Amino acid sequence: MAKNLLIVESPAKAKTIEGYLGKDFLVKSSYGHIRDLVKTDDAIDVNNNFNQKYEVPADKKSLVSELKKLAKEAETVWLASDEDREGEAISWHLFETLGLKEDKTKRIVFHEITKPAILKAIENPRQINYNLVNAQQARRVLDRLVGFELSPVLWRKVKPSLSAGRVQSVAVRLIVEREREINKFKATAAYKVTAIFSTGKQKELFRAELPERFEEEAAATKFLEDCKKAVYQIASLETRPTKRSPAPPFTTSTLQQEASRKLGYSVSRTMSIAQKLYEHGHITYMRTDSVNLSDTALNAASAEINSAYGSKYHQLRKFKTKAAGAQEAHEAIRPTYFEQHTIEGDASEKRLYDLIWKRAIASQMSEAQFEKTTAKITITGRTENFVANGEVMKFDGFLKVYMESTDEETEASVDEDNANAILPPLAQGQTLTAQEIKATERFSRPPARYTEASLVKKLEELGIGRPSTYAPTISTVQNRGYVVKEEREGKQRQFNQLTLVSGELKKEVKTETTGAEKGKLFPTDIGAVVNDFLVQYFKGIVDYHFTASVEKQFDEIAHGLKEWTEMLKSFYSPFHQEVETTIQTAEKARGERDLGVDPESGKRVSVRIGRFGPFVQIGDTPENEGEEKPRFASLRSGQMIETISLEEALELFKLPKKVGSYEDKDMTVAIGRFGPYIRHNSAFYSLPKGLDPHDVTEEQAIEIIEDKRKKDSEKLIKVFEENPEVKILNGRWGPYIEFGKQNVKIPKGKEPKDLTFEEVKALAEAAEKEPKKGGKKFAAKKK
DNA sequence: CAGTGAGCGAGCTTCCGCTTGACTT
C-alpha cells in the first residue's frame with residue numbers, strides 16, 4: 001500500500017507524474033470537479049449568506065468512494081489540483097468530500113509537468129487557500145443566480161426552454177450586433193489604380209499602385225487620359241531593412257483560431273484532436289491561457305533548433321500573457337518532445353501536431369530579416385506618383401518553419417493585392433514604360449461576420465469565458481437556436497474597370513460576387529429577440545464589461561480584500577429586484593414587425609415568431625366567426641424578421657404552385673424552411689441550387705424527379721423479396737441496412753451483398769434492443 | 001426535416017467551469 005496519495009485533475013497528468021515519483025506515491029485523478037451545486041432552485045439560500053447545497057453527481061459517485069477509501073489508507077494526501085481559482089476549489093471539495101484531516105493533508109501546486117517541478121512542489125507544501133476558494137464560490141454562485149433567475153424570465157416572456165447566462169448572452173449579443181452593423185453598412189466605391197511597368201529589358205515587369213483613389217469615374221478617366229502621353233520616371237528609390245518576429249506559442253484560443261484558418265477545423269474538432277494528442281503524451285495540456293514555456297521546454301527547443309537548423313536560427317524568447325483575466329495554471333501548448341517532428345496518428349492528429357510543433361519551435365527562433373524597397377514613380381502632367389514596393393528576404397529565421405496567418409488573408413487575396421513581390425534592379429532617374437494601367441472600381445467592405453474562432457478571440461479579449469468553455473459556449477448558443485453556422489450565397493454586383501493598353505482606353509463592366517459566406521455565425525430571429533429583451537431589461541448583465549468588473553471583485557476576494565458574501569449581496573439585491581420588476585411589467589416579446597399593406601389585396605402584412613419559427617401573416621386575425629382567415633408562410637433560411645421586405649414577404653405566398661403532373665400525380669413546387677422542393681406522390685425532391693422555384697417547368701420537374709430516382713437506385717445494393725421495405729444501401733459512411741424506419745450499420749467483415757434476410761432481421765432486432773446510450777444522452781443535450 | 005401557426009395549463013426547461021468517455025446516420 002502506498003504511503004502517499006496524490007490527486008491531480010487529469011488522468012493523463014496522473015500517469016506522467018506517477019512515473020516521476022516512484023513506489024511511495026499513488027497518483028490518482030479527480031477528473032475535474034467532483035461535486036457541484038444541486039440542480040434544483042434551492043441550491044443557494046440567498047437569505048442565509050448564500051449558503052450552498054452541493055452534491056456528488058451520479059457519474060462521480062464510484063470515483064469519490066474509491067478516492068475516499070484510498071485516502072483513508074494513506075499516510076498523507078497531497079492535493080495537487082491546478083493553481084488557479086477552480087483548482088483551489090477542487091482541492092477544497094476533495095478535502096470536504098473525502099473527509100480529509102488537516103494534519104494528514106498537503107496542498108501543492110506546479111505549473112509544468114516536469115520531474116524537478118514536481119519534486120520542488122512536494123518540498124514546499126502549503127494549506128488550502130480559503131480566500132481563493134471563496135473567490136471561486138462567489139463566481140459559481142453568481143453564475144448560478146444569473147442563469148437560473150434570468151432563464152425563467154425568458155420562459156415567461158419569450159419562449160420556454162430558452163437560456164441566458166453571463167457568458168452565452170454576451171456571445172449572442174456580439175453576433176446580433178455585428179449582423180446589424182453589416183445590415184446598416186453602405187458600401188462606397190472608389191477607383192483604385194494599378195500599373196504594370198517595364199524597364200525595357202525582357203521579363204523585367206513589376207507592379208505599382210497609386211496611393212490615391214478616385215471617387216468619380218470621370219476623375220479616373222481623366223487620369224488615364226493624362227497617362228496616355230505621360231513619361232514615367234523613378235524619382236526616388238529607398239531601401240531599408242525590416243524584420244518580423246515569431247508569434248508566441250499557442251494558447252487554447254490561438255490554437256483554435258489558427259487551426260480554423262489553416263486547417264478549417266471547428267473549435268470543437270480542434271479541441272477533441274488536441275485531447276487525443278495530449279492523452280498520447282504528444283503535447284502539453286491543451287486548455288491553457290498561458291504563453292509561458294518551462295525552462296525544460298526552452299532548453300529542449302534550443303537544442304532542437306541548434307541541431308536541426310544551426311545556432312543562428314535560435315533565439316531565446318519569453319512571452320508575456322496579454323489576455324485579460326488569465327490565470328496561467330499551465331504552460332503554453334507545446335510538443336512534449338521537441339525532437340519529435342512528426343507523430344503517429346490519423347491525418348488530423350498529424351496536421352494539428354505539426355501546427356503545434358512549428359508554432360512552438362518558431363517562437364524560439366530568430367527574426368526574419370528583409371530588405372524593403374520603395375520606388376516612387378513620377379507621372380508627367382500629374383501630381384500623383386505611382387509607388388512600387390518590393391521585399392527581398394535576407395534571412396528566413398523563424399519563417400523557415402512557420403508563418404502565422406491572419407483573418408484578413410483570404411479577403412485580401414481576392415483583391416489581388418501586390419503582395420510585396422520582388423522588384424527588378426532599378427535606378428534613380430530611370431524612365432519606364434507602362435505596359436498597362438488599370439483603374440478598377442472597388443467597394444468598401446462591411447465588418448466581417450464572426451467565425452467560431454474569431455468569436456473565441458473576441459470573448460477572450462473581453463475576458464469572458466475560459467479555455468475549457470470556449471468550445472462548449474459556441475455549441476450552447478447554436479443548440480439554443482440563437483445562432484446558426486451557415487453558408488450563404490452572395491449577390492452579384494457590377495463594377496467598372498478602365499484599362500489603358502498601348503495608348504488605348506477601354507471600359508468594361510464586370511461582375512463579382514459579394515457577401516458570400518461560408519462557416520460564419522448568423523443570429524436567428526429568436527437570438528435577436530432574446531438579445532433585445534436582455535439588453536432592454538438587464539443591461540448590466542449583458543454589458544461587455546460585466547465579466548471584467550466582477551472578475552476584479554473576485555480578485556479582491558482572492559486577495560482577502562473583500563468578503564465574498566458582501567460582494568454577492570451588493571450584486572444580488574438590485575439584480576433580483578430587476579428580475580421581479582421585469583416579470584411584472586415586461587410585455588411578451590414576439591419580435592413582431594409590420595411590413596405595411598399588400599398593394600393587391602389591401603390586407604395588412606406582418607412578421608413574427610411563432611411556434612415553428614418566424615413566419616409572415618397576411619390579413620388580420622378574425623374577430624368574428626365567418627370572417628376571412630389570414631394566410632401564413634414560413635420565412636426561408638437566410639431571411640430575418642428585421643430585414644425582410646414587403647416584396648420578399650409577399651413572394652412567399654406565390655408558392656406552393658402546381659407545375660404539372662407525372663405518373664398521374666400532381667407535382668407541386670414549394671419553399672420549405674430548408675429551401676425549395678418539389679412534392680410528388682408524398683415524396684420530396686430538393687431543387688438544384690440556382691433554379692428559381694417560381695419558373696420551374698413541368699419538364700424540369702420531371703427531370704429532377706427522375707434524376708433523384710436514378711441516384712437513389714445507384715445507392716441500392718440489394719432489396720429483399722421477403723420484404724421490399726428492407727434494403728441495403730450505400731451511404732455516406734459505407735453500406736447500411738434500411739429496415740423500415742430504422743437504419744442499421746453493417747458490421748465489419750460482412751459482405752453486404754451476401755447477407756440473407758434472416759441475418760439482416762437479426763441485426764436490426766439486435767440494434768433495436770440495444771439502445772444507443774451515449775447517443776441518446778447527446779441528442780437530449782442538443783434539444 | 002419540409003404542407004402548420006389560438007390559448008390554456010401541467011410539467012418541463014436553465015448557469016459556468018473543471019474533467020473524460022462513448023457516441024456517430
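Since we're looking at a predicted model, the values are computed, not measured.
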- Per W155(A) side chain, nearest of listed nucleotides dA2(B), dT20(B), dT14(B): dT14(B)
- Task: Please work out whether the ring planes of F571(A) and F546(A) are parallel, tilted or perpendicular, with thresholds of 30° and 60°.
- Result: tilted
- Message: Does a side-chain N or O of S468(A) approach OP1 or OP2 of dC18(B) to a distance below 4.0 Å, or not?
- Response: yes
- Task: Please state how far atom CZ in F546(A) lies from atom P in dC15(B), giving the value in whole angstrom units.
- Result: 16 Å
- Phosphate contact (dC15(B) OP1 or OP2) by Q168(A) side-chain N/O below 4.0 Å: yes
- Message: Heavy atoms from C-beta onward define the side chain here; which of dG3(B), dC18(B), dC15(B) lies closest to that of R144(A)?
- Response: dC15(B)
- Spacing between Q136(A) atom CD and dC16(B) atom C1', to the nearest angstrom: 10 Å
- Message: With no hydrogens and no angle check, just 3.5 Å: does a side-chain donor-acceptor pair link Y278(A) and S10(A)?
- Response: yes
- Any R287(A) side-chain N or O less than 4.0 Å from OP1/OP2 of dT19(B): yes
- Task: Would you mind reading off the distance between R636(A) atom CZ and dT4(B) atom P, rounded to a whole angstrom?
- Result: 16 Å
- What is the ring orientation for H93(A) with Y54(A), classed by angle as parallel under 30°, tilted 30 to 60°, or perpendicular over 60°? perpendicular
- Task: Looking at every strand, decide which applies to P152(A) at a 4.0 Å heavy-atom threshold: base, sugar-phosphate, or nothing.
- Result: base
- Query: Rounded to whole angstrom units, what separation is found between the NZ atom of K39(A) and the P atom of dC12(B)?
  - Reply: 16 Å
- Query: Would you say R466(A) reaches dC16(B)'s phosphate, i.e. side-chain N/O to OP1/OP2 under 4.0 Å?
  - Reply: no
- Item | Atom C1', compared across dT13(B) and dG9(B): separation rounded to whole Å | 16 Å
- Message: At 4.0 Å (heavy atoms only), tell me whether G32(A) reaches a base, stays on the sugar-phosphate, or touches nothing.
- Response: base
- Message: Using heavy-atom distances to pick each residue's nearest nucleotide on DNA chain B, tell me which of G147(A) and G610(A) is more 5'.
- Response: G610(A)
- Query: Side-chain N or O of R166(A) less than 4.0 angstrom from OP1 or OP2 on dG17(B)?
  - Reply: yes
- Could you check how far CG of L154(A) sits from P of dT14(B), rounded to whole Å? 12 Å
- Query: Reckon Y470(A) has a side-chain N or O less than 4.0 Å from the OP1 or OP2 of dG17(B)?
  - Reply: no
- Query: Phosphate oxygens OP1/OP2 of dG5(B): is one of them under 4.0 Å from a side-chain N or O of R631(A)?
  - Reply: no
- Choosing from dG5(B), dC18(B), dC15(B), which nucleotide comes nearest the side chain of S151(A)? dC15(B)
- Message: Quick check for you: among dC15(B), dC18(B), dT20(B), whose closest atom lies nearest to any side-chain atom of D36(A)?
- Response: dC15(B)
- Shortest side-chain distance from D143(A), nucleotide among dT14(B), dT20(B), dC16(B): dC16(B)
- Query: Using Watson-Crick pairs (N1 to N3, plus N6-O4 or O6-N4) and G-U wobble pairs, both distances under 3.5 Å, which stems of at least 3 pairs involve DNA chain B?
  - Reply: none
- Query: Under the 3.5 angstrom rule, does the side chain of K60(A) hit a backbone N or O of H33(A) as a donor-acceptor pair?
  - Reply: yes
- Task: Kindly say whether, by distance alone, the side chain of S161(A) makes a donor-acceptor pair under 3.5 Å with the base of dT13(B)?
- Result: yes
- Is the closest side-chain donor-acceptor distance between E460(A) and S253(A) under 3.5 Å? yes
- Task: Have a look at V146(A) and say if it touches a base, only the backbone sugar-phosphate, or nothing, with a 4.0 Å heavy-atom cut-off.
- Result: nothing
- Residue-phosphate contact under 4.0 Å: R156(A) side-chain N/O, dT14(B) OP1/OP2: no
- Task: Just call it for G87(A): base, sugar-phosphate, or nothing, with non-hydrogen atoms closer than 4.0 Å on any strand.
- Result: nothing
- For Y285(A), which contact category applies under a 4.0 Å heavy-atom criterion: base, sugar-phosphate, or nothing? sugar-phosphate
- Message: Expressed as a whole number of angstroms, how long is the span from R139(A):CZ to dC18(B):C1'?
- Response: 9 Å
- Distance below 4.0 Å between T469(A) side-chain N/O and dG17(B) OP1 or OP2: yes
- Query: Taking OP1 and OP2 of dT19(B), is either one under 4.0 Å from a side-chain nitrogen or oxygen of S10(A)?
  - Reply: no
- P atom, dC8(B) versus dT4(B): distance in rounded Å? 24 Å
- Query: What distance separates R35(A) CZ from E96(A) CD, expressed to the nearest 0.5 Å?
  - Reply: 5.5 Å
- Item | Contact summary for R107(A) and E83(A), nearest pair of heavy atoms | NH2-CA, 4.3 Å
- Query: Can M286(A) and L277(A) be said to form a side chain to side chain contact (heavy atoms under 4.5 Å, CB included), step by step?
  - Reply: CA-CA 9 Å; M286(A) 65 281 153; L277(A) 292 174; over 6 Å; no
- Side-chain contact check for P160(A): nearest option of dG5(B), dT13(B), dC15(B) is dT13(B)
- From the candidates dC15(B), dT19(B), dT20(B), the one with an atom nearest any side-chain atom of D82(A) is dT19(B)
- From CZ of F632(A) across to P of dA2(B) the rounded distance in Å is 19 Å
- Message: When you compare the side chains of R679(A) and Y677(A), does any donor N or O come within less than 3.5 Å of an acceptor on the partner?
- Response: no
- Task: Could you please name the option among dT20(B), dG5(B), dC15(B) that lies closest to any side-chain atom of S634(A)?
- Result: dG5(B)
- Query: Which part of the nucleic acid does A164(A) contact within heavy-atom distance under 4.0 Å: base, sugar-phosphate only, or nothing?
  - Reply: sugar-phosphate
- Message: What is the distance, to the nearest angstrom, from the CG atom on L150(A) to the P atom on dC16(B)?
- Response: 10 Å
Distances under 3.5 Å between protein N/O atoms and the N/O atoms of nucleotides 6-8 of chain B, please, pair by pair.
none

